[in-house]
Amino acid sequence: MGGRRMVERLKEKYEPGEIEEKWQRNWAAAELFKVEEDQDKPKYYCLEMFPYPSGKLHMGHVRNYTIGDVIARYFTMGGYNVLHPMGWDSFGLPAENAAIQRGINPALWTQQNIKLMQKQLTQLGLSYDWSREITTSQQDYYRWTQWLFLQLYKAGLAYKKKAAVNWCPSCQTVLANEQVVNGACERCDSEVIHKDLEQWFFKITAYADRLLENLEKLPGWPEKVKLMQENWIGRSEGVEVGFPLERGEGKVSIFTTRPDTIFGVTYMVLAPEHPLVEELLATAPNRKELEDFIGQVRKEDDLTRTSTETEKRGIFTGSYAINPLNGEKVPIWLGNYVLASYGTGAVMAVPTHDQRDFEFAKKYNLPLKVVIQSPRGDISVESMREAYVEDGTLINSGSFCGLNNQEAIEKISDFIEQEKLGKRRVNYKLRDWLISRQRYWGAPIPIIYCEKCGAVADENLPVVLPENVAFKPGGQSPLADCDSFVNTTCPTCGGPAKRETDTFDTFVCSSWYFLRYADPKNSEEAFAREKVDYWMGVDQYIGGVEHAILHLMYSRFFTMALHDLGLVGVDEPFVNLLTQGMVLKDGAKMSKSKGNVVDPTYIIDKYGADTARLFILFAAPPERDLEWSDKAVEGAHRFLNRIWRLVADWQDVLGSQKKQKSGEAEQELRRQAHLALKKVQEDLTDRFQFNTAISAIMELVNAAYHYREQAPNPDPTTVGEVVELLILMLAPFAPFISEELWTATGHEGSVHKQAWPQYDPAAIVVSEVTVVVQVNGKVRERLAVAVDATDAELEKLALASPRVQEFIGDKQIRKVIVIPKKLVNIVVA
RNA sequence: GCCGAAGUGGCGGAACCGGCAGACGCACUUGACUCAAAAUCAAGCGUGGCAAACCCACGUGGGGGUUCAAAUCCCCCCUUCGGCACCA
């Protein structure tokens with residue numbers, strides 16, 4: 001405990017506005033939260049997902065950053081060297097829209113917004129090391145985004161190809177699969193259409209297996225998020241089998257996870273986009289009908305096309321293939337329910353054991369053949385109402401008859417491979433990540449197209465985004481029209497060449513920002529490996545669950561790829577992940593359109609940041625959704641007032657030299673303080689239960705008020721210790737008032753640089769406990785008993801109670817269960 | 001349709017490994033202070049029974065089960081939220 005010095009009296013009233021502004025200034029001047037690598041302390045990297053600088057902080061941000069701040073401050077007090085940075089994910093459409101609609105320069109608009117938000121974050125009392133601030137739209141950052149892209153490009157992990165891609169007509173750009181939600185753009189909700197375009201991709205599928213397997217190495221991630229990623233990657237094992245065409249040389253390759261049902265194939269279905277279709281059309285007698293069908297299906301939008309609700313439709317092509325396992329002739333159909341983009345774009349159809357095939361076969365009167373019999377033996381074509389998809393025994397399957405179908409999957413796969421009919425294959429739902437965007441406000445893709453040399457990497461970085469461009473209301477990217485940008489020379493041959501005019505998806509920028517924080521000012525390289533290796537991985541990452549797939553999977557991919565290139569030591573970026581719940585008002589997410597938005601600035605102005613923080617931490621556990629309540633905010637404010645008055649009241653006692661007797665009341669108060677400390681510590685260490693930690697502090701304050709009532713002459717030693725502990729444990733939650741009270745109680749230095757206090761186990765010890773006595777499981781008596789009472793003594797005491805005897809009456813005692821220090825249960829019959 | 005999470009007072013929530021259900025806060029009621037109100041302090045506050053209780057019964061979405069003992073474990077069902085959605 002530091003020495004006390006004479007201090008000014010605290011004002012009677014708690015006035016957060018004044019003190020919060022004062023400490024904002026003092027902390028900034030003292031660079032209180034600046035960190036450097038330090039080999040003598042354990043490091044702790046605490047990170048919250050950085051925001052898009054919209055210019056206005058919303059409650060979701062407040063919650064996200066408050067949670068992170070409590071963790072950062074708690075670990076700092078716990079002796080860790082804590083990295084707690086903040087920055088801006090500042091490329092993106094809103095800046096460009098502002099330019100188009102209001103003629104504002106996007107860079108300037110972004111810069112202004114950043115200023116506004118910085119101020120709001122500072123007001124919240126967040127302990128960021130602002131010297132590490134990064135802005136993804138600035139050259140000193142995006143040149144390294146470009147550089148990292150080139151490293152992936154050279155490693156064969158970035159490529160350009162023509163493909164049917166998602167196009168948002170409103171945003172006027174392509175989208176990654178992950179950005180399409182129910183057939184609509186995740187940003188603006190417009191219906192997404194398909195376009196055949198040449199686009200840049202990252203080969204994330206090369207990491208599909210690792211992204212999946214590594215999930216097991218992430219025990220600190222919520223199961224929910226891991227499951228979502230697992231489903232998104234969508235790994236399935238099966239075999240790819242070639243069905244030779246009846247006429248001609250070709251064959252139709254299909255992918256199936258159910259090779260055990262291959263003897264039950266009665267037809268096959270191709271996607272209308274399948275490359276073989278054109279060939280089949282040439283010889284088809286019903287060519288016109290087929291073309292009509294294809295035209296119809298292709299016209300349908302994605303949502304209808306892929307909905308389970310949509311009726312399955314198909315048409316026979318007139319051609320046949322041969323089932324290579326039994327030589328049967330199999331008609332080839334086209335169908336709207338087969339996806340060109342998954343597997344081979346063609347399926348074998350087993351209507352008896354696949355529900356989709358069953359429905360299709362029933363509709364078009366295609367034959368059915370049972371090849372798996374249920375253990376009850378009741379499966380027959382005649383009695384079937386739906387496909388039989390359970391396990392069973394193989395029938396009608398040549399030499400494989402009699403096998404259990406699970407075994408048959410292996411045996412038939414082996415056979416297919418031996419006979420070279422096909423081979424085992426793993427398929428993924430995951431597609432490569434489409435990273436190019438037809439927008440202006442993003443990092444330019446550093447590629448130059450030369451007529452002689454083709455696509456050439458531009459190593460002369462940064463490729464600067466030109467500032468003076470014309471924004472047109474049409475919504476098209478102005479980069480393509482910017483001649484001074486487009487026209488350049490080829491780095492290889494020096495001849496005339498043109499630049500790529502697409503920019504990166506902003507998710508590319510945010511896939512490595514956590515690495516840059518380790519070395520944010522480096523102008524020679526993206527980051528020094530030793531600095532990144534010191535700070536990585538992120539010990540605690542905090543953000544909204546809406547990034548469960550997008551940002552969190554892209555960042556994992558990036559980290560793995562950079563690890564393989566030898567640029568970073570870790571291959572997983574985030575060790576522990578906390579996904580915080582939403583902030584609701586009237587049961588719904590706060591949104592402008594619903595008119596239920598509560599402005600954080602308004603709350604801070606009215607009650608102070610400490611109140612806002614305390615409310616948001618207290619109202620619900622962090623993972624759960626939080627319902628906003630004006631009344632509960634006032635409750636949080638009332639609590640801080642209560643602490644303020646207590647300390648103000650006791651200021652005289654603290655300064656007093658008078659020794660008072662330390663009696664039972666003092667001992668009890670001390671016990672409460674150390675109990676609270678233990679509870680807060682446990683709640684912050686094991687799991688981030690801020691709500692119960694705060695309730696423990698509230699109980700301590702209640703106990704202190706109780707003591708004040710009881711003891712007209714409070715003991716300065718006890719009061720001093722209790723107040724000191726109270727302020728220390730409040731510090732991570734409500735940093736401003738804690739700092740003010742810390743100073744006002746005569747301490748030197750910042751409360752936020754103090755070591756977390758250790759609770760005194762001796763202070764917590766009690767001599768007596770209350771033991772509950774039950775008769776047949778119902779509580780009938782409570783006894784005050786010595787803590788060290790033996791089981792036998794407890795039983796004796798319980799039976800001696802007249803009340804207990806009353807309930808036992810003349811019944812026989814069957815059993816007595818004794819749980820030391822807790823309970824005695826007497827079982828009677 | 002499939003996968004996952006959650007259902008506890010008037011409300012937000014607590015209850016760690018099966019051991020006193022409802023901590024803490026909000027709302028509400030009462031008392032003190034005040035001419036009065038607000039603020040503050042103190043006390044009460046699951047439902048039903050009773051004049052009342054320190055008494056009794058019931059009570060953690062519903063139904064069953066395991067156990068001396070279940071909010072907690074098992075089975076079935078209902079509701080809400082989230083994710084995926086013809087992935088062969």
Side-chain angles (χ1 to χ4, degrees), chain A residues 13 181-182 222-225 227-232 234-236 238 254-258 261 268-269 303 305-312 335-339 341-350 354-357 359-360 427-430 545-546 548-549 581-582 587 614-615 618-621 623-636 638-639 641-642 645 679 682-683 686-687 689 691-699 701-702 705-706 708-709 770-782 803 814-819 821-828:
Chain A
K13 201 173 168 336
V181 180
N182 282 330
E223 285 306 316
K224 179 169 86 165
V225 174
L227 203 70
M228 280 166 76
Q229 293 209 356
E230 198 179 310
N231 290 338
W232 189 261
R235 182 184 206 270
S236 57
I254 57 94
F255 173 76
T256 180
T257 55
R258 295 292 307 273
T261 64
M268 4 193 13
V269 189
L303 194 58
R305 176 87 188 269
T306 59
S307 163
T308 37
E309 309 295 309
T310 306
E311 205 195 359
K312 292 167 188 36
N336 63 340
Y337 73 100
V338 176
L339 302 174
S341 53
Y342 184 78
T344 61
V347 297
M348 66 179 206
V350 185
D354 182 290
Q355 187 57 27
R356 293 160 302 184
D357 298 344
E359 285 164 27
F360 193 86
N427 256 309
Y428 301 91
K429 210 190 84 151
L430 180 72
V545 76
E546 65 273 16
I549 295 169
M582 288 187 294
L614 207 67
F615 161 73
F618 181 65
E623 306 81 8
R624 227 185 289 180
D625 286 350
L626 179 155
E627 174 70 29
W628 184 267
S629 156
D630 291 330
K631 286 289 183 190
V633 174
E634 280 174 39
R638 204 146 44 210
F639 170 61
N641 260 304
R642 230 165 117 76
R645 280 195 305 272
K679 171 81 176 149
E682 283 166 357
D683 283 349
D686 308 342
R687 15 186 208 160
Q689 294 206 38
N691 55 335
T692 51
I694 291 168
S695 82
I697 302 177
M698 287 172 169
E699 282 180 86
V701 172
N702 291 345
Y705 268 77
H706 188 67
R708 204 177 55 155
E709 281 287 297
T770 303
V771 165
V772 167
V773 185
Q774 299 180 330
V775 178
N776 280 351
K778 290 195 170 150
V779 181
R780 299 302 184 186
E781 177 73 299
R782 283 163 231 270
R803 249 188 76 71
R814 284 285 164 83
K815 209 192 232 179
V816 177
I817 285 122
V818 180
I819 308 292
K821 292 187 222 176
K822 283 215 169 121
L823 159 149
V824 178
N825 188 7
I826 300 161
V827 186
V828 298

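Side-chain atoms are counted along with the backbone in the values below, which use heavy atoms only and exclude waters and symmetry mates. Proteins come first, then strands; the chains are lettered A, B, ... in the order of their sequence lines, and each starts at number 1. Everything numeric in this text was worked out from a predicted model, so none of it was measured.
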Please work out if [X] contacts a base, only the sugar-phosphate, or nothing of the nucleic acid, heavy-atom cut-off 4.0 Å.
{"X": "A:R780", "value": "sugar-phosphate"}
{"X": "A:S629", "value": "nothing"}
{"X": "A:E223", "value": "nothing"}
{"X": "A:N825", "value": "base"}

Among [options], which nucleotide has an atom closest to any side-chain atom of [X]?
{"X": "A:K312", "options": "B:rA88, B:rA15, B:rC86", "answer": "B:rC86"}
{"X": "A:N691", "options": "B:rC24, B:rG83, B:rG13", "answer": "B:rG13"}
{"X": "A:Q689", "options": "B:rC20, B:rA15, B:rG25", "answer": "B:rA15"}
{"X": "A:R642", "options": "B:rA88, B:rC86, B:rA42", "answer": "B:rA42"}

Is the phosphate of [N] approached by [X] (side-chain N or O, under 4.0 Å from OP1 or OP2)?
{"X": "A:R638", "N": "B:rA38", "value": "no"}
{"X": "A:N702", "N": "B:rG25", "value": "yes"}
{"X": "A:Y705", "N": "B:rC41", "value": "yes"}
{"X": "A:R645", "N": "B:rC41", "value": "yes"}

key: Base of B:rC20 paired with side chain of A:K822 (donor-acceptor, under 3.5 Å)   = no

message = Under 3.5 Å for both pairing distances: what stems, at least three Watson-Crick or G-U pairs long, include RNA chain B?
response =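 So far as stems of 3 or more pairs are concerned, RNA chain B shows B:1-7 with B:78-84, B:10-12 with B:24-26, B:28-32 with B:40-44, B:46-49 with B:55-58, B:61-65 with B:73-77.
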
Assigned glycosidic conformation for B:rC17 [threshold 90° from 0] = syn

inquiry  = Can you see whether A:R642 engages A:N702 through a side-chain donor-acceptor pair at a distance of less than 3.5 angstrom?
reply    =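 Looking only at side-chain atoms, A:N702 and A:R642 do form a donor-acceptor pair, the distance falling under 3.5 Å.
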
Between [N] and [M], how far is it from one [atom1] atom to the other, in whole Å?
{"N": "B:rA32", "M": "B:rA38", "atom1": "C1'", "value": "15 Å"}
{"N": "B:rU79", "M": "B:rG61", "atom1": "C1'", "value": "7 Å"}
{"N": "B:rA88", "M": "B:rU80", "atom1": "P", "value": "30 Å"}
{"N": "B:rG46", "M": "B:rU29", "atom1": "P", "value": "16 Å"}

All N/O contacts under 3.5 Å from nucleotides 1-12 of chain B to the protein, with atom names and distances to one decimal?
unit_1, atom_1, unit_2, atom_2, d
B:rG12, O2', A:A619, O, 2.5

query = A:N336: what forms a side-chain hydrogen bond (donor to acceptor under 3.5 Å, both in side chains) with it, not counting sequence neighbours?
reply = none

